[in-house]
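Encoded as structure tokens, the structure appears first; notes follow it.
When reading the values below, keep in mind they use all heavy atoms of this one structure, side chains included, and skip hydrogens, waters and symmetry mates. Just follow the structure's listing: the first ligand is 1, and inside any ligand the first atom is 1. Throughout, residue positions are numbered sequentially from 1 according to the sequence presented.
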Amino acid sequence: MTRLLIVGPQGSGKGTQGVRVAEAFGIPAISTGDMFRAAVSGGSDLGNQVKAIIEAGDLVPDSLTSAVVRDRLAQDDAAEGFLLDGYPRNLGQVGDLDAFLQGRDEQLDAVIELSVPRDESISRLSLRAQEQGRTDDTEEVIANRLGIYERETAPILDVYRERGIVDAIDGVGTLDEIEQRIIAALEARGLVRTADV
Ligand code: ADP
């Protein structure tokens, strides 16, 4: 049973590391951004509701986002744990997740805070913009997303720090080095991985 969050600014590499760490602990990596993008490309009702919001780099309303996450966490593969990437993203969503987990008599084991200097994250994002062409990776939209991260998302770390569950990880290095740092921090909390890395 391992229940994790990974939090970090755009360009911190949280998506990549989230997938790696989830695999090491045998739990699903659940990314709200990936779920929303899949809904948009699939043309579902949800996709139609969130398309313009994502393209502007704004936050999807909490009620909708939290409902999507609750549905996903209710699936069988998340019964033994999960790693959430990109959720919660503000204090309202922290409250929603707390209420959901309390209802299941569960709690978070650790919050991975992935930090990179601003220059580094901006250069990674412009590289990603060239490689992947994500519609929300234009200069203007990136600035909006980073601003929202600083104003709304960074404060959630204070809440989790007070609970003593935050592991601050240096996000500069090779992918393997960063993954090892995260795994070492989680193992130091007594969390047990299921796969060799
Ligand atoms: P990034 O972290 O690079 O901004 P994500 O893939 O995590 O990318 O998210 C992409 C977009 O999806 C966000 O800009 C936002 O519009 C939407 N989104 C993702 N997660 C949430 C969330 N927890 N609450 C509200 N909106 C979200």
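Residue Arg145 has at least one N or O atom closer than 3.5 Å to an N or O atom of ligand 1. In terms of N/O distances under 3.5 Å, ligand 1 is not approached by Asp136. Residue contacts with ligand 1: Val60 is placed with a nitrogen or oxygen under 3.5 Å of a nitrogen or oxygen of the ligand (distance criterion only). Taking any N or O of Arg37, backbone or side chain, at least one lies under 3.5 Å from an N or O belonging to ligand 1. When only interatomic distances are considered, the shortest N/O to N/O separation between Gln10 and ligand 1 falls below 3.5 Å.
Per-residue contacts place Gly86 under 4.0 angstrom from the following atoms of ligand 1 (heavy atoms of the residue considered): 20 (N), 21 (C), 22 (C), 23 (N). Against a heavy-atom cut-off of under 4.0 Å, Gln93 is close to the following atoms of ligand 1: 22 (C), 23 (N), 24 (N), 25 (C). For ligand 1, the atoms lying closer than 4.0 Å to a non-hydrogen atom of Tyr87 are 23 (N). Residue Ile54 approaches ligand 1 through these ligand atoms, each under 4.0 Å from one of its heavy atoms: 12 (O), 16 (O). When each atom of ligand 1 is checked for a heavy atom of Thr32 under 4.0 Å away, the hits are 19 (C), 20 (N), 21 (C), 23 (N). Close approach to Lys14 involves these atoms of ligand 1, each under 4.0 Å from a residue heavy atom: 2 (O), 7 (O).
If you look at Asp58 next to ligand 1, the close heavy atoms, those under 4.0 Å, all belong to the backbone.
Applying the side chain to side chain contact (heavy atoms under 4.5 Å, CB included) test between Val60 and each of Val50, Val68, Thr32 identifies Val50 as the sole match.
Interatomic distance, Arg128 CZ to Glu131 CD, rounded to the nearest 0.5 Å: 10.0 Å. Separating the CG atom in Leu146 from the CZ atom in Arg151 is a distance of 10.5 Å, to the nearest 0.5 Å.
Contact check on Arg118 versus Glu150 returns a salt bridge, with a Lys/Arg side-chain nitrogen under 4.0 Å from an Asp/Glu carboxylate oxygen.
A heavy-atom separation below 4.0 Å is found between Arg128 and ligand 1.
For atom 8 (O) of ligand 1, the closest heavy atom belonging to the protein is Arg134 NH2, 3.2 Å. Nearest protein heavy-atom contact of atom 13 (C) of ligand 1 is Arg89 NH2, 3.8 Å.
Within the 4.5 Å cutoff, the side chain of Ile27 has heavy atoms near those of the Leu4 side chain.
Residue Val7 is not grouped with residue Ile183 when hydrophobic side chains (ILVMFWY) are merged at heavy-atom distances under 4.5 angstrom, including chains of intermediate members.
Proximity of a side-chain donor or acceptor of Arg181 to a complementary backbone N or O of Asp170 within less than 3.5 Å is detected.
A donor-acceptor contact under 3.5 angstrom links the side chains of Tyr87 and Ser66, judged on distance only.
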